Novice: 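Can you read through this structure? Questions will come right after.
Remember, it's a predicted structure, so these values are computed and weren't measured experimentally.
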Amino acid sequence: ASAAWAICPCIENAKDAGEIVRSFVGGLELIVSLLRSRHIEVLASVCAAIAKIAKDEENLAVITDHSVVPLLAGLTRTTDDTLRCHLAEAIARCCSWRKNKVSFGKAGAVAPLVHYLRSEDANVHRSTARALFELSKDPDNCISMHEV
């Protein structure tokens, strides 16, 4: 978890962050595989790292190929606000690649995200609003949002 938290500012502040991340052989696959952890702190830090990594289109393509969408979608039923905040941000960022927003909808991620708006944490509200905005670009996701 500490390593994933530590990499976030590096990715955010580096000039060639996308290239730097890709240079870690197997690093993107490892980051995505950590979404299978059962530890909330690990999941939150990995989601935060994925949100930064996904800013680069090539990295987003790679993590999409490593099944980041179903793994993120599988975490949406969490009740932990720290994880919710970083998870929603990661989902928002991942929506910019091809059909990911459709895939999140098909994976059942939309309805649980709507419930995040009941949180008392303003950071959860901000990241959730971004995620729902991106997801709303698919009409089926809009239907899901209104059914909740």
Novice: Would you list the pairs meeting salt bridge (Lys or Arg N to Asp or Glu O under 4.0 Å) in which at least one residue belongs to residues 70-83, sequence neighbours left out?
Specialist: Asp81-Arg84
Novice: Can you check whether Ile50 reaches Val46 side chain to side chain, under 4.5 Å on heavy atoms?
Specialist: yes
Novice: If I compare all heavy atoms of Ala107 with all of Ala73, which pair ends up nearest, and what's the gap?
Specialist: CB-CB, 3.5 Å
Novice: Is the backbone of Leu72 close enough, under 3.5 Å, to the side chain of Thr76 for a donor and an acceptor to pair up by distance?
Specialist: no
Novice: Atom CD1 of Ile63 and atom SG of Cys94: how far apart are they, to the nearest 0.5 Å?
Specialist: 4.5 Å
Novice: Using the rule given for side-chain contact (heavy atoms from CB on, under 4.5 Å), can you reason through Ile91 versus Leu87, listing the C-alpha separation, both sets of side-chain angles and the distance that settles it, and then say yes or no?
Specialist: CA-CA 6 Å; Ile91 289 172; Leu87 175 59; 4.0 Å; yes
Novice: Going by the rule salt bridge (Lys or Arg N to Asp or Glu O under 4.0 Å), which residues pair with Asp138 if we only count those two or more places apart in sequence or in a different chain?
Specialist: none
Novice: Is there any salt bridge (Lys or Arg N to Asp or Glu O under 4.0 Å) pair reaching into residues 58-69, and which pairs are they, with sequence neighbours excluded?
Specialist: Arg22-Glu58
Novice: For a quick test of reading the model, state the closest non-hydrogen atom pair linking Ile53 to Asn59 and the distance between them.
Specialist: O-CB, 3.5 Å
Novice: Check side-chain contact (heavy atoms from CB on, under 4.5 Å) between Ser37 and all other residues, then give those that pass, not counting sequence neighbours.
Specialist: His39, Val42, Leu43
Novice: Could I get the full list of salt bridge (Lys or Arg N to Asp or Glu O under 4.0 Å) partners for Glu57, not counting sequence neighbours?
Specialist: none
Novice: With ring pair (Phe, Tyr, Trp, His ring centres under 6.0 Å) as the rule and sequence neighbours excluded, what pairs involving residues 109-148 come up?
Specialist: none
Novice: Kindly state each residue pair satisfying ring pair (Phe, Tyr, Trp, His ring centres under 6.0 Å) with at least one member in residues 46-71, sequence neighbours excluded.
Specialist: none
Novice: What residue pairs, at least two apart or across chains, pass salt bridge (Lys or Arg N to Asp or Glu O under 4.0 Å) with a residue in residues 93-122?
Specialist: Glu89-Arg93
Novice: With sequence neighbours left out, what residues match Lys137 under side-chain hydrogen bond (donor to acceptor under 3.5 Å, both in side chains)?
Specialist: Glu134
Novice: Hey, any chance Leu117 and Leu113 share a hydrophobic cluster, counting ILVMFWY side chains that come within less than 4.5 Å of each other, even indirectly?
Specialist: yes
Novice: If every non-hydrogen atom of Ser144 is compared with every non-hydrogen atom of Val148, which pair is closest and at what distance?
Specialist: O-CG2, 3.3 Å
Novice: If you group Ile, Leu, Val, Met, Phe, Trp and Tyr by side-chain heavy-atom gaps below 4.5 Å, do Phe104 and Trp97 land in one group?
Specialist: yes
Novice: Does the side chain of Cys47 come within less than 4.5 Å of Leu35's, by heavy atoms?
Specialist: yes
Novice: Calculate, to the nearest 0.5 Å, the distance between atoms CG and SG belonging to Asn100 and Cys95 respectively.
Specialist: 7.0 Å
Novice: Can you name the side-chain contact (heavy atoms from CB on, under 4.5 Å) partners of Ala44, sequence neighbours left out?
Specialist: Trp5, Thr82, Leu83, His86
Novice: Once rounded to the nearest 0.5 Å, what's the spacing between atom CG of Leu132 and atom CZ of Arg130?
Specialist: 11.5 Å
Novice: Grouping I, L, V, M, F, W and Y whenever their side-chain heavy atoms are under 4.5 Å apart, do Ile40 and Ile31 come out in a common cluster?
Specialist: yes
Novice: Applying side-chain hydrogen bond (donor to acceptor under 3.5 Å, both in side chains), name anything that partners Ser103, two or more places apart in sequence or on another chain.
Specialist: none
Novice: Can you tell me how far the CG atom of Leu135 sits from the CG atom of Asp140, to the nearest 0.5 Å?
Specialist: 12.0 Å
Novice: Would you say Val69 and Val102 are hydrophobically clustered, going by side-chain heavy atoms of ILVMFWY under 4.5 Å?
Specialist: no
